[in-house]
Novice: 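So that we are looking at the same thing, I have put the structure below in structure tokens.
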There are 2 protein chains.
Amino acid sequence: MTQTPSASKPAAKPKATARGRAYRGVSIEKRRAERREKLLRAGTTIFGSVGFHGTSVRAICAEAGLTERYFYESFSNSDALLSEIYELTTSQLRQLVSRAIAYRSGEPDAMAEAALTAYFEFLLDNPHSARVIMVEIMGVNPQMDAQYRRVMDDFANFLVAVFRGLHPERRHHDTRDYLLATGLIGAMVNMAMRWMLNGYREPVADVVQAARFILISVNNQLSQ
Amino acid sequence: MTQTPSASKPAAKPKATARGRAYRGVSIEKRRAERREKLLRAGTTIFGSVGFHGTSVRAICAEAGLTERYFYESFSNSDALLSEIYELTTSQLRQLVSRAIAYRSGEPDAMAEAALTAYFEFLLDNPHSARVIMVEIMGVNPQMDAQYRRVMDDFANFLVAVFRGLHPERRHHDTRDYLLATGLIGAMVNMAMRWMLNGYREPVADVVQAARFILISVNNQLSQ
DNA sequence: GTAAAGTGACATCATTCATTGTCACTTTGG
DNA sequence: CCAAAGTGACAATGAATGATGTCACTTTAC
């Protein structure tokens, strides 16, 4: 794509004069990174409001204040943009939740409270991102399905790890634990989705409390 | 759409000769119904394999063995077809689950077992339908979002009703109960989705057991 | 038998959109 | 200063597809 074949001369050392010079005092790398950033932001905004389907590359570029050329500089098509947005957003979310938990390690109730608060508050504060990761990602193409599956797995495995930390004495039962974690993640996601689709009516605390109730219930049952 | 303005004569009694005659011994109503049925089946097959997006009306008609004309006879566009498929499938599923439960009323564990078995077996037996109701429906348009919300509400309310039947003495707490039920439905759906995306690897019984564990956990916690 | 209704295959039209290309203008580096 | 690189606005191209229309053929009702 960004090859510089140097047709006539057999590729001597490319002078500093060549491609990749600075512009308006900004290096090529920085300019590219800024444009990419703008596109990611614009993509989140549009995918999270208009929706992925029915959003054209033109529209994303207009929102980003860039022209199509720069879209294709960073992404090969809108699927790639969506995929990248999904990856970044979910990893941000994972980090938020991890950190929230890290501060309360050992106290199941406090951990759940902190993790869930971090989760639901993120969605409330970033409604466009929320919509992208919960709705727009679905059914785009098989690669995206796989990506979704992988992210869900990550969250489920994370939860399994936390539960095992709380019940170190308990014998591991991989399939069962994994299925349970998947279910619990689904519970959180579905509560979040309904909360979102209803316009975030209930206070965060209420949603957190109900979600916590489910986590605690299962944790208690596991302790029997 | 199917108006017969009868341009010249001011709409006298339409003779039996008029529109709507039988063809190959089949009445107009029956022919229409059969075509509609074919389209619903074809739509499920294609939406559930290729996906809703990226499926054209032409493709649906080819699968149904009909021409476009007959598509528009029954549906105004593919969104309408998807909506109808979703409605029919979820109501079938609701009925299956209701019946499964009805036979075991009063026994929480048996009820959960029966309901969940009915649910997961339906998905296993109808993978195309499964994909349509769990994946393809998402993010199509705002009306479909509302429909999804409504169906999820129905299932959640159903679950609330069951729980209240099991705990008649308990004071109702609408928002809380509703949130809990939404979470639990989400747990079942997410387990189903992962099960599906992984190609229905685990035996139904394992999935049912894990799902039941979550339901029972919450039920027990509620009993405290 | 025959005119109208029904059917099937396919054409047509208009639109949308991804992707690439053009051109005038600005900035850079020497 | 000036040639090359960078930029922005926008045109051009081609493909897909929703929706409607055409036409030859079959079936029906009388």
Side-chain angles (χ1 to χ4, degrees), chain A residues 1-9 14-35 38-39 43 46 50-82 140-141, chain B residues 1-4 6-9 14-36 38-39 43 46 50-82 140-141:
Chain A
M1 278 202 164
T2 2
Q3 288 175 349
T4 313
S6 180
S8 50
K9 297 224 175 181
K15 285 268 185 157
T17 330
R19 290 169 175 279
R21 66 168 59 152
Y23 198 82
R24 286 172 178 270
V26 186
S27 74
I28 176 78
E29 293 83 7
K30 186 154 191 186
R31 270 167 14 238
R32 279 189 187 221
E34 282 172 359
R35 287 191 291 250
K38 277 187 191 175
L39 287 165
I46 299 215
V50 179
F52 175 71
H53 304 289
T55 290
S56 62
V57 172
R58 278 172 179 72
I60 298 165
C61 292
E63 174 73 26
L66 295 171
T67 62
E68 289 95 317
R69 176 198 301 157
Y70 294 117
F71 180 90
Y72 293 106
E73 175 191 54
S74 286
F75 304 99
S76 59
N77 51 44
S78 0
D79 285 19
L81 174 61
L82 178 64
V140 169
N141 64 42
Chain B
M1 278 204 164
T2 6
Q3 288 176 348
T4 314
S6 181
S8 50
K9 297 226 174 179
K15 284 265 183 162
T17 330
R19 292 171 174 276
R21 65 170 58 154
Y23 198 81
R24 288 171 176 272
V26 186
S27 74
I28 175 80
E29 294 82 9
K30 187 155 190 185
R31 270 176 293 140
R32 281 190 186 218
E34 283 171 358
R35 287 191 291 251
R36 190 186 165 83
K38 278 187 190 175
L39 287 165
I46 300 216
V50 179
F52 175 71
H53 305 288
T55 292
S56 62
V57 173
R58 278 171 178 74
I60 298 164
C61 293
E63 174 73 27
L66 295 172
T67 62
E68 291 94 318
R69 176 198 302 158
Y70 294 117
F71 181 89
Y72 293 106
E73 174 192 53
S74 286
F75 305 99
S76 58
N77 52 43
S78 4
D79 286 20
L81 174 60
L82 178 64
V140 170
N141 65 41

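Order of the sequence lines sets the chain letters (A, B, ...), proteins ahead of strands, with each chain counted from 1. Bear in mind the structure is a predicted one, so any value in this text is a computation, not a measurement.
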Novice: Would you check if A:Arg32 and A:Arg35 make a side-chain contact, meaning some heavy-atom pair closer than 4.5 Å?
Specialist: yes

Novice: Find the distance A:Phe52:CZ to C:dC17:P and express it as a whole number of Å.
Specialist: 13 Å

Novice: What is the distance, rounded to the nearest whole Å, between atom CZ of B:Arg32 and atom P of C:dA5?
Specialist: 14 Å

Novice: List the atom pairs, donor and acceptor, that lie under 3.5 Å between side-chain atoms in residues 54-63 of chain B and the rest of the protein, sequence neighbours left out.
Specialist:
from, atom 1, to, atom 2, distance (Å)
B:Thr55, OG1, B:Gly51, O, 2.5
B:Ser56, OG, B:Ala59, N, 3.2

Novice: Listed by chain and number, what are the side chain to side chain contact (heavy atoms under 4.5 Å, CB included) partners of B:Asn141, not counting sequence neighbours?
Specialist: B:Asp79, B:Gln143, B:Met144

Novice: Given atom CZ of B:Phe75 and atom P of D:dG18, what is their separation to the nearest angstrom?
Specialist: 15 Å

Novice: Let me know the distance between OH of A:Tyr70 and C1' of D:dC10, rounded to the nearest Å.
Specialist: 14 Å

Novice: Taking CG from A:Asp79 and C1' from C:dA18, how many angstroms apart are they, rounded to a whole number?
Specialist: 12 Å

Novice: Got a donor-acceptor contact below 3.5 angstrom from the B:Arg31 side chain to the B:Val26 backbone?
Specialist: yes

Novice: Using atom NE2 of A:His53 as one end and atom P of C:dA18 as the other, report the distance to the nearest whole Å.
Specialist: 13 Å

Novice: Just how far, in rounded Å, is C1' of C:dT7 from CD of B:Glu73?
Specialist: 11 Å

Novice: Report the distance from atom CG of B:Leu82 to atom NE2 of B:His53, rounding to the nearest 0.5 Å.
Specialist: 8.5 Å

Novice: Grab the CZ-C1' distance between B:Arg35 and C:dT7 for me, whole Å please.
Specialist: 8 Å

Novice: Output one letter per nucleotide in nucleotides 19-27 of chain D: B when a protein non-hydrogen atom lies under 4.0 Å from the base, S when only the sugar-phosphate is that close, - when neither is.
Specialist: BB-B---BS

Novice: Taking the side chain as every heavy atom from C-beta outward, state whether A:Lys38 and A:Leu66 have any pair of such atoms under 4.5 Å apart.
Specialist: yes

